[in-house]
Protein chains: 2
Amino acid sequence: MEDRKLTVRAVERALDILMCFTKSSELGLTEIAGLIDLHKSTVHRLMTTLEEKGFVVRDAATEKYRLGLKVWELSTHLSKSDDPAVLFLPGMERLRDRLGETVSLYLRDGKDRLRIQAVQSNQAIRRVAQVGARLPLYVGASSKVLVAFASPEDQQELFLDSEWPEMPDSGAYMRMLEEIRERGYATSFEEREPGAAAVAVPIVNRSGVVAAALSVSGPVGRISTDTLHEFAPVLMEAAHEMGLMI
Amino acid sequence: MEDRKLTVRAVERALDILMCFTKSSELGLTEIAGLIDLHKSTVHRLMTTLEEKGFVVRDAATEKYRLGLKVWELSTHLSKSDDPAVLFLPGMERLRDRLGETVSLYLRDGKDRLRIQAVQSNQAIRRVAQVGARLPLYVGASSKVLVAFASPEDQQELFLDSEWPEMPDSGAYMRMLEEIRERGYATSFEEREPGAAAVAVPIVNRSGVVAAALSVSGPVGRISTDTLHEFAPVLMEAAHEMGLMI
DNA sequence: TCCTAATGTTTCACCACATGAAACATGGTT
DNA sequence: AACCATGTTTCATGTGGTGAAACATTAGGA
């Protein structure tokens, strides 16, 4: 490797360990060692450190590790002022009340997207969206929006080292992205999740940068492709208003 | 030092850096270096690592660091099932409605206490309690409860390396703790915060361990010492119910 | 305008310290 | 008991983290 390392390996590993707890909330030592491919004893030392600092705790019963109080404490000190998750919540609730379906808000984070906020439909049969979920960028309406409106450099990087299902430079995919940019929204029909359909639009801030993707989704029994296209203008109007806030 | 170190220094430092963001939400490099007493370049390498992993981000405008998305993502994966902060919330709201004052929930964490939940009084003049705040263990009604019901070993450790304001083994303090254990609640009158008064009781789980402290607090204009003692039985009943849940 | 100070960044030689193999301990299962 | 799967500790090795110092960049002050 040519570029000199200006990061600290031990810290990288410790942070990787922490992120393992997004996969499972309770992990054993060897389990972690397997996940990040390190020797038991190395993981053990790192875990002792994390435990001593309160970032993980050992469950009294199972002897396994789980995330600790310090993680929670840190999260309370995240700057809330410009946080889209709280800023857009009222608008998302209005949208839910108007369309009657689950509304989600996504951020692009590296090669994934992150559901940072969701308000659930209150109909009996509904799509339940989990806040904090990390999802792939290659399927789903919101993914297509986030990719379509990403900068060309970001797109290149995404296509490069991501295990994209089909060749993105196959022309057809690029044409689809172009179409999304033109009409301003993307749809998906049983694309990531069987039985679910969605429309998504970008939220553009005043600098013209796409800050997030807003989507409405529900069960295919209630939502046809026609419905998706009917929802689109309503979503775009809401997204426009939200974009003015940041 | 006799006991061999079985922790990783670099990771300890990185975690210390993260915890600095509970003091201020925006920090510069030299600022951090000053806080944890390390060389600039060392902090710089650690920050690069934290940034690359998404645990901190640089504010585009100020060039300073703030907590990143990964912290938030982690926090959404904290196991909510047995979390007192969500478990006790309904009970705390009922208590607030009944007494009309701000209700807080505290956990002991090391040599401090942590406000992990709060429901605000809806009166015009009220005490506003910030969730996530780290407070000292040597003043306030909740502190006295947490100390009084701590195990003797924990108490020893607390008195030892904590900068306690007055000698705790001075007899008077110990007698006060004994009294709190006897009657089951503690009060404070403009003790930590001028103009504020509070009552606190322990929440005891079915194993007989004190899991948390529950307090009701408000402005001295509305709350006399008599009021505190009137509140106490109501609080104790609520705390008893909560204790049965865990 | 130049000078100074303060901040962030990179380089580098040293040797502390993180590392992983292996031995050890523990508890559960057959 | 013998086994296996966990977690824990020890220890020699040399990698990789460290901090001093040099460098870069910007802001302000005279």
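Chain letters run A, B, ... following the sequence lines, proteins first, then strands; residues in each count from 1.
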Please list each protein N or O that sits under 3.5 Å from an N or O in nucleotides 13-20 of chain C, with the distance.
residue, atom, partner, partner atom, Å
dC17(C), OP1, R9(B), NH1, 2.7
dA18(C), OP1, R9(B), N, 3.1
dA18(C), OP2, K5(B), NZ, 2.3
dT19(C), OP1, R13(A), NH1, 3.0
dT19(C), OP2, R45(A), NH1, 3.4
dG20(C), OP2, T42(A), OG1, 2.4
dG20(C), N7, S41(A), OG, 2.9
dG20(C), N7, R45(A), NH2, 3.2

> Quick one: D37(B) CG to dT18(D) P, roughly how many Å, whole number?
Replying inline: 14 Å

>> Using a 3.5 Å distance criterion without hydrogens, assess whether the side chain of N205(B) forms a donor-acceptor pair with backbone atoms of V209(B).
In response: yes

> Do the side-chain N and O atoms of R66(B) and S79(A) include a donor-acceptor pair separated by under 3.5 angstrom?
Replying inline: yes

> Can you tell me how far P of dG8(C) sits from CD of E26(B), to the nearest Å?
Replying inline: 12 Å

>> Measure NZ/K40(A) against C1'/dT6(D) and give the value in whole Å, please.
In response: 7 Å

> Is any NZ, NE, NH1 or NH2 atom of the basic residue among K70(A) and E73(A) found under 4.0 Å from an Asp or Glu carboxylate oxygen of the other?
Replying inline: no

>> When you compare the side chain of M47(B) with that of L29(B), does any pair of heavy atoms fall below 4.5 Å?
In response: yes

>> Any side-chain N or O of H44(A) below 4.0 angstrom from OP1/OP2 of dT8(D)?
In response: yes

>> Using whole Å, what does the distance between atom C1' of nucleotide dA6(C) and atom CD1 of I32(B) come to?
In response: 16 Å

> Has the side chain of R115(B) got a donor or acceptor atom that lies under 3.5 Å from a matching backbone atom of Q130(B)?
Replying inline: yes

> For dA5(D), does either OP1 or OP2 sit under 4.0 Å from a side-chain N or O belonging to T30(A)?
Replying inline: no

> Whole Å only: how far is the CG atom of L27(A) from the P atom of dT6(D)?
Replying inline: 13 Å

What protein N or O atoms touch nucleotides 25-29 of chain D N or O atoms at under 3.5 angstrom, if any, and at what distances?
none

>> With a 4.0 Å cut-off on N to O distance, would you call R134(B) and D112(B) a salt bridge?
In response: yes

> For the side chain of T42(B) and the backbone of L38(B), is there at least one donor-acceptor N/O pair under 3.5 Å apart?
Replying inline: no

> Quick check: does any side chain N or O of E51(B) sit under 3.5 Å from a backbone N or O of V57(B), one acting as donor and the other as acceptor?
Replying inline: no

> What integer distance in Å separates L6(B):CG from dT10(D):P?
Replying inline: 8 Å

>> Please check: side-chain N/O of R108(B) versus main-chain N/O of G110(B), any donor-acceptor pairing under 3.5 Å?
In response: yes

> Over how many whole Å does the gap from K64(A) atom NZ to dT8(D) atom P extend?
Replying inline: 13 Å

>> Please report the distance, rounded to the nearest Å, between CG in L29(A) and P in dT26(C).
In response: 17 Å

